[in-house]
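A note on names: the letters A, B, ... follow the listed sequences, proteins ahead of strands, and every chain is numbered from 1.
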Amino acid sequence: MAKWGMVIDLDKCTGCQACTTACTMENDRMPGENWQDVLFYTEGTYPNVSMKWFPRPCMHCEHPSCVSVCPTKATYKDPNGGFVLVDWNKCIGCKYCQVACPYGVRFYMDERAVIQPDIRTVFPSNNDRLWDPPYKGPQDDPSRGVGIQPHGVVSKCTFCYHKVSKAPAGAVDLDEDIPELKEHVPACVRVCPPKARFFGDLDHPDSYVNKLIADKRGVRLKDETGNKPQVYYLSGGAAAAVPALRSMTGPDKA
Amino acid sequence: MTKTTTKELGTLILALIGVGIVGYLVLQTLGGQGHAAFNTTNLGVHWGLPIVVYDYFLLTSTGLAMIAALAILFGSETFRPIVKRAAWLALAGLAGGVVVLMLELGHPLRALVAIPTSFAFESPLYWKAMTIGVYVLALLILIARMLKPDWDAKALRAHAIVILVLAMFITAAAGVVYGSNSFRPFWASGDIPVAFIFESLLGGLAFIYFFTYLAYAFDADAMPEGVKRLFNGALPGLFALAIFVHLLFVLARMVNGLYGNVEGLQVWQQMVSSPLFLAEIFIGLLLPLVLMLLAATRSRPWAQALAALLVMNALLISRYEYIIGGQLVPMFKGTWAPDLLSYMPSTTEWLLLLLAILVSNAINAFGELTLRLGRER
């Protein structure tokens, strides 16, 4: 079975946030629930200041700490594909996974709305979901954290499970340029204008993602935590590099 | 009805009225706003004051249980007057904390089924929750075995060992929940479980002092001779030692944090200059330490009650600063999140603290009324 992974070429990423927007639209996320985000940082002090950005989805780690800490096994590693998913029927909303995730990519959306008006009151749900957007995708699989979540649970990026898991058997690289596979490409990968994102089978020796990782020395974010992300970053030094620090603002972080 | 019984009944009724009023307010708010009534956010502070309150009461409970168990095992007749009260207070404190936890969880009722049936052996929270279940049962049986006024400590030794092990395990597991997060240097340390055990012992001693005085309306003359002997004998020294050890752990972490360069430790720079931290160290720990060390004050009831009250508050501050402090550096949130997050509990979160206090006091008053805690001799 495939072990799906993503490669993000930081030399190509323009920080346009098309990935963030596409993810939000595809997965019906709420404002502030950025399963996929591009983080912007300022570095240095005036006059030597530069702005950098860093695209950051869930890493779908090989050894995810969010899975280890979950007291109900609601968060689990899907052996078929290597997705890290949340079973909303088991999640108790203890938020331990949020605390234990080194990448800050989990969301508990029952909290105070980040933008007013509160979209939950604008589009209230009548079926115990958090909200009911007027336009939403047909996918709904609470046991895999796909669709709109019920109250009191944690949500996260699914690597577009509803698309990727239906890819034809034997597919190695899910590339939007391959017509028969484009519907199975994660939304953030499919819309990336400079084609900075690649998605494929990390367990297949001939996959393009493996070739990129090998040729351009792909690195994983915060690898020292032992989580072993399935998202790799390429950085030739022309643009943003994988940040060493979590908070990169302030004069002492230059 | 004796004067004492009337007083205990009055305390119970007052506490229950408080639980009713505060419980209604909390449920009303949470029913209307859900967890939007809390000031926790996805920016980084995921566990706010309710978790602080829960852990504070849980650790105090395990501390009290450890004291009860140690008193049975090694205390001979000297410590007998506090054993039953410590065991009951352990249950009362735990109940207050668990009530708050239930109101903090997204699906509290589901948790009661989902955790025991998950067999999530890798999760410290799983072990913590499961052990708490056994711990409550063990405490209830212990109290039942001490219902007769002439209960025999020797017959309870095996039971005390079980409770001691359970209480230490829960406390250590609570430490692992935080200490194992290597990417949160403010939390991460191998000695956290040990520090938690000492902290909970200190909490247990402070609660014993305070609630024993409370049971006698702070009238030392009304206390039985056995309690007086203990309070003026070995206990002040033990209390002082426990304060000193806890202080050492806090100051060691502080020094490490101030000199360390690791991302995440910068929280200490902000924390050491905060009035809350200074109050914790100087008023909450050093002052009680002095009171319990000086021969002129260590045996004075007012000094003991004051020291206990100050330590109880210092431990709450300590727990707050530890749990919140470990979350103040956001994980990869970009420029739009500040270097250090700010967090201030909401009114609902403060009400949860009050609710925990009232629930614990109501249960404690019920015990005082029905179990004759510490009055059998």
Side-chain angles (χ1 to χ4, degrees), chain A residues 32-34 37-42 51 53-54 56 65 67-74 89-96 98-114 118 120 150-154 221-222 224-227 243-250 252-253, chain B residues 33-44 46-47 51 101 104-120 122-130 177-178 180-184 187 263-264 266 323 326-327 329-341 346:
Chain A
E33 191 183 15
N34 299 322
D37 203 353
V38 179
L39 310 175
F40 285 83
Y41 300 96
T42 48
M51 188 174 77
W53 53 91
F54 187 72
R56 186 229 47 197
S65 47
V67 169
S68 306
V69 301
C70 181
T72 64
K73 287 189 179 171
N89 299 316
K90 288 183 182 174
C91 180
I92 59 170
C94 69
K95 293 172 273 182
Y96 193 8
Q98 280 191 291
V99 167
C101 173
Y103 307 103
V105 289
R106 289 176 155 263
F107 301 87
Y108 185 72
M109 297 310 294
D110 287 56
E111 288 163 349
R112 190 162 295 160
V114 293
D118 186 344
R120 292 169 297 193
H151 288 276
V153 299
V154 169
L221 191 59
K222 289 190 78 68
E224 74 278 6
T225 62
N227 280 23
L245 298 174
R246 280 181 261 150
S247 54
M248 299 188 69
T249 54
D252 57 331
K253 304 287 164 38
Chain B
Q33 299 177 38
H35 285 161
F38 295 167
N39 279 350
T40 47
T41 71
N42 285 307
L43 275 183
H46 309 296
W47 283 345
I51 293 296
L101 177 70
E104 199 273 345
L105 288 178
H107 283 281
L109 296 178
R110 181 185 292 169
L112 298 176
V113 179
I115 295 177
T117 56
S118 70
F119 304 108
E122 284 185 37
S123 170
L125 267 194
Y126 169 81
W127 288 109
K128 190 175 156 192
M130 295 303 288
V177 167
Y178 301 97
S180 60
N181 289 286
S182 61
F183 52 91
R184 292 185 188 272
W187 282 353
E263 174 81 351
Q266 66 268 43
I323 294 179
Q327 302 172 83
V329 176
M331 301 278 160
F332 293 101
K333 296 292 184 186
T335 308
W336 51 273
D339 268 3
L340 284 185
L341 301 172
S346 67

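Counting heavy atoms from C-beta outward, A:T225 and A:S65 have side chains that stay 4.5 Å or more apart. When side chains are defined from C-beta on, B:L125 does not count as touching A:V69, because their heavy atoms never get closer than 4.5 Å.
Proximity to chain A (any heavy atom under 4.5 Å) is shown, for B:V113, by neither the backbone nor the side chain. Within the 4.5 angstrom heavy-atom criterion, atoms from both the backbone and the side chain of A:K95 approach chain B. At a 4.5 Å heavy-atom cutoff, the contact between A:N89 and chain B is made by backbone atoms alone. Contacts between A:C94 and chain B at a heavy-atom distance below 4.5 Å involve backbone atoms as well as side-chain atoms. For B:A114, the parts lying under 4.5 angstrom from a heavy atom of chain A are both the backbone and the side chain.
Put simply, of B:W47, B:Y126, B:W127, B:F38, the one with the most heavy-atom pairs under 4.5 Å next to chain A is B:W47. Between chain B and the options A:G152, A:G93, A:P71, heavy-atom pairs under 4.5 Å are most frequent for A:P71. Across A:P150, A:C70, A:G226, the residue that shares the most heavy-atom pairs under 4.5 angstrom with chain B is A:C70.
For A:R120 (side chain) and A:M109 (main-chain N/O), a donor-acceptor pair under 3.5 Å exists by modelled atom type. Side-chain atoms of B:S346 come within 3.5 Å of backbone N or O of B:A37 as a donor-acceptor pair.
Heavy-atom minimum distance, A:I92 versus A:T72: CG2-CG2, 3.9 Å.
Side-chain N/O atoms of B:T41 and A:E111 include no donor and acceptor closer than 3.5 Å.
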